Amino acid sequence: MSHCAAVSEPPRAGEAAGDIATHQRVAIVGMPNTGKSTFFNRLTGARARIGNWPGVTVDLLSARVLLGGDVVEVVDLPGAYDLHGYSDDERVVRHFLERNRVNLIVVIAGATQLDRQLALPLQLKDLGLPMVLLLNMQDEAQKLGIQIETAVLTRELGIPVVLMSAKYGLGYANATRALEQALRGTSPRQADSAALAADDSLEARLEDLVYKGVHVPVQLSEGLTARLDRALLHPWLGLPLFLVAMWLVFQAVYTVGTPLQDGVAWVLEQIKVGLLEPVTAAAPAPLRSFLLDGLYDGVGTVASFLPILLLFFLLMGLVEDSGYLARAAFLMDAFMARLGLDGRSFVMQLMGFGCNVPALMGTRVMRSRGLRLLTMLTIPFSLCSARLQVFVFLTAAIFSPRTAPLALFSLYLLSFAVSFLTAFLYRRRLVNDEPLLLELPPYRAPTLRQMGLRAWQEVSHFLRKATAFIVLGVVLVWFLTHYPFDAIPAGPATLAGRLADWAQPVFAPLGFDSLLSVSLLFGFVAKEVVLGAMAVIYGAGEGSLSGIMAERLDPLQAYSFMLFVLLYTPCLSTVATLRQESRSWGFTALAVAWPLAVAWLASFAFYQGARALLGT
Amino acid sequence: MRSVGPYPMTLDALPILQAATIDQVEGADPVAVRMRAMGLRSGREVMVVRRSRLGGPLQIRVGSTDLIIRPREARLIRIRLSR
């Protein structure tokens, strides 16, 4: 899901449509799996940002770069097989080209699959805009013995054609030079949208072009992909191998990330004790408490979770870019079809383990509204990294080192189970009428640079999106737990204490103490606030919080609490995305209410059942 | 399986790793358009690489592209066995 994890920002004045005349604009177009985003990243560095565009309801990545001495705005359009608007992503490309002026279209095509990928430049040529064709993955084509006559393609298409490898940078200088030359003397123009209609002669033109310019060896050499697939797509071993791979990813995040997290927390504590406390000694007590116990402790607790997030995106990027996720769709499709979903829904659920927001956006590739909504209803049950933070902390604080990973693993299983149950229950109301037709790309080893850049992009998008939420949430919690200022912090006399009393009848049967239930109310803002909220509510830094939790909660209460956090109403960014993507308040209300009901029932059943079984 | 030649056959029945030529893609428009965009056009060589369990999708190869397709849609693709 190369289209980033961000909730839409409101359009800024003059951002998209207003300042057309002042700079040049380049649109990057290509089919999925052609390395389009890799090229975009190489061209723009990590400077891309999200923008809104006329005619397009989704966010697109764009960046300004210097090309041939001019500032050029480069826009990365979603992957599209053609311009007829079969999927939402394809409609986005089409509407963008219809409504926005561009100087140049850059088409990226995979050099190993030109027999069908050349169809896209053939269609785009009719738009009447200047165009450059970049044939990516030159290295792979060479390995397969595919010969490409760029001179012939240039002549036949009437546009510059350049071979390159965006991943390794091979031919990249030629590519940018071709872009600069093609841009020279152009002015932003509107595409001729009549050309976007279906074209019957396309197939004959495509065949002719491929026959003249591309020479594929009769038998493609048996590659590494075929050998890997024999094991990874094995009828019986495939799925267990996939689950083991995912388990290793989560295990690596847990074992490598937790010490890093502790390290960050330790450094933050040293800064607080050694620097901030003496410096603020003269300030009035409420202000000092606000700065140190509210802002610093709360935000610091969340900041210590960044290493885990970075690690997660790094490893998930590896799994995704390698081509393995399409295999998961193949393996899981038979099962998912029985739930009214398809293999892609499973992949989106897995993406949701990083963050629900990009996973929800990823459902745009689905054409059937029923399938899309049903998948969107299941994604918020995916145990996202924000929830993982809460669980890692609580399991470490309350369970023994031997049982903590088991408790965590059971939550993962439950996350799947509830997703599947939800799909099963709603499959007749949200009906999937879309056939599964999916490309299985060859395995690719992503480079370190590529992975690092992507992980950094994801984390920085997350930070930009979440920071305001988190600060606001933490400040709100601090205020509720410290006002009136003469009361004992988080005591019964404060606003939080009164709120807890009010909520007590609802949460007491689940085994939550009244303070704990307050932190839940703020978890609705963002799940990553839960820990920050607990630190503030219990008046503790990260270090002492685990001690307090261990005293206050027994394992049954802790597990019941984690069940609730796993299942209840998704965070605000997820709700915003659900609304934005479904464009239906009714569906959004269902997607908020259903998880809340499931969470309460699950925690209630677990807590009361376990208490009854243990006779306590 | 069945005889070589212009015998009516659809892709879902093609034995694994047996080369065939696409005769015609049937079916309602959006599905057929998508199939064509992904390279499933008449006259092209196609083969089934593997099948998944429990009536799940097929992995097929058209030219140098591998695709995942369910048996129900594979049934829309009429083929001839290649010599």
Side-chain angles (χ1 to χ4, degrees), chain A residues 31 33 80-87 90 110 112-117 119-120 123 140-141 144 146 198 202-203 206-207 210 214 216-217 220 225-226 229-230 233-236 238-239 326-327 329-338 342-344 367 434-442, chain B residues 10-12 15-79 82-83:
Chain A
M31 292 192 186
N33 300 311
Y81 286 107
D82 64 22
L83 299 175
H84 302 320
Y86 182 89
S87 73
E90 284 163 3
T112 56
Q113 301 179 334
L114 290 181
D115 49 347
R116 69 191 175 82
Q117 300 223 344
L120 197 59
Q123 284 188 328
E140 281 182 26
L144 293 170
I146 297 171
L202 182 71
E203 287 177 31
L206 175 61
E207 237 151 80
V210 171
V214 185
V216 182
L220 282 173
T225 291
D229 273 346
R230 222 168 290 148
L233 293 182
H234 188 276
W236 300 108
L239 203 56
R327 270 77 188 173
F330 177 80
L331 291 168
M332 287 300 288
D333 188 65
F335 175 70
M336 300 304 277
R338 286 170 174 75
D342 76 18
R344 288 172 300 173
R367 194 189 62 93
E434 182 178 352
L436 179 83
L437 199 56
L438 204 62
E439 191 182 334
L440 208 57
Chain B
T10 52
L11 184 59
D12 60 303
I16 283 176
L17 297 182
Q18 164 97 56
T21 309
I22 297 178
D23 225 8
Q24 201 191 339
V25 179
E26 294 171 17
D29 197 39
V31 185
V33 167
R34 165 52 49 112
M35 284 185 180
R36 276 206 294 277
M38 296 186 92
L40 292 163
R41 296 186 307 266
S42 45
R44 304 215 49 196
E45 284 246 313
V46 66
M47 71 157 89
V48 176
V49 180
R50 63 167 54 82
R51 289 161 201 281
S52 57
R53 284 180 303 134
L54 309 171
L58 317 173
Q59 179 188 349
I60 61 172
R61 184 164 298 158
V62 203
S64 51
T65 304
D66 282 19
L67 299 175
I68 302 172
I69 188 171
R70 282 182 181 160
R72 205 176 57 177
E73 276 75 49
R75 222 163 287 146
L76 300 174
I77 301 172
R78 287 224 305 263
I79 52 166
S82 307
R83 257 294 51 198

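Naming convention: chains lettered A, B, ... in sequence-line order (proteins, then strands); numbering from 1 in each chain. Just so it is clear, the structure is predicted and the values come from calculations on it, not from any experiment.
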More than 12 heavy atoms from other groups under 6.0 Å of CZ on B:R72: no
Side chain / backbone / both / neither for B:R51 at chain A, heavy atoms under 4.5 Å: backbone
Compare all side-chain heavy atoms of A:D333 with those of B:S52 and state whether any distance is below 4.5 angstrom. no
Tell me, for B:Q59 versus chain A, whether the close heavy atoms (under 4.5 Å) come from the side chain, the backbone, both or neither. both
Taking side chain as everything from C-beta outward and backbone as N, CA, C, O, which of these in A:A337 sits under 4.5 Å from a heavy atom of chain B? Side chain, backbone, both or neither. both
Between B:L58 and chain A, which part of the residue has a heavy atom less than 4.5 Å away: side chain, backbone, both or neither? backbone
Minimum heavy-atom distance A:R116-B:M38, with the two atoms named: CD-O, 3.3 Å
Mind ranking A:F330, A:Y81, A:W236 by heavy-atom pairs under 4.5 Å with chain B and telling me who comes out on top? A:F330
CZ of B:R50 to CG of A:L440: how many Å apart, nearest 0.5 Å? 8.5 Å
How long is the gap from CD1 on B:I68 to CG on A:L438, to the nearest 0.5 Å? 4.5 Å
May I ask you to name which of A:L114, A:L331, A:D229 has the most heavy-atom pairs under 4.5 Å with chain B? A:D229
Heavy-atom nearest pair, B:P57 first then A:A334, reads CD-N, 4.2 Å
When A:L437 is tested against each of B:R70, B:E73, B:M35 for side-chain contact (heavy atoms from CB on, under 4.5 Å), which residue passes? B:M35
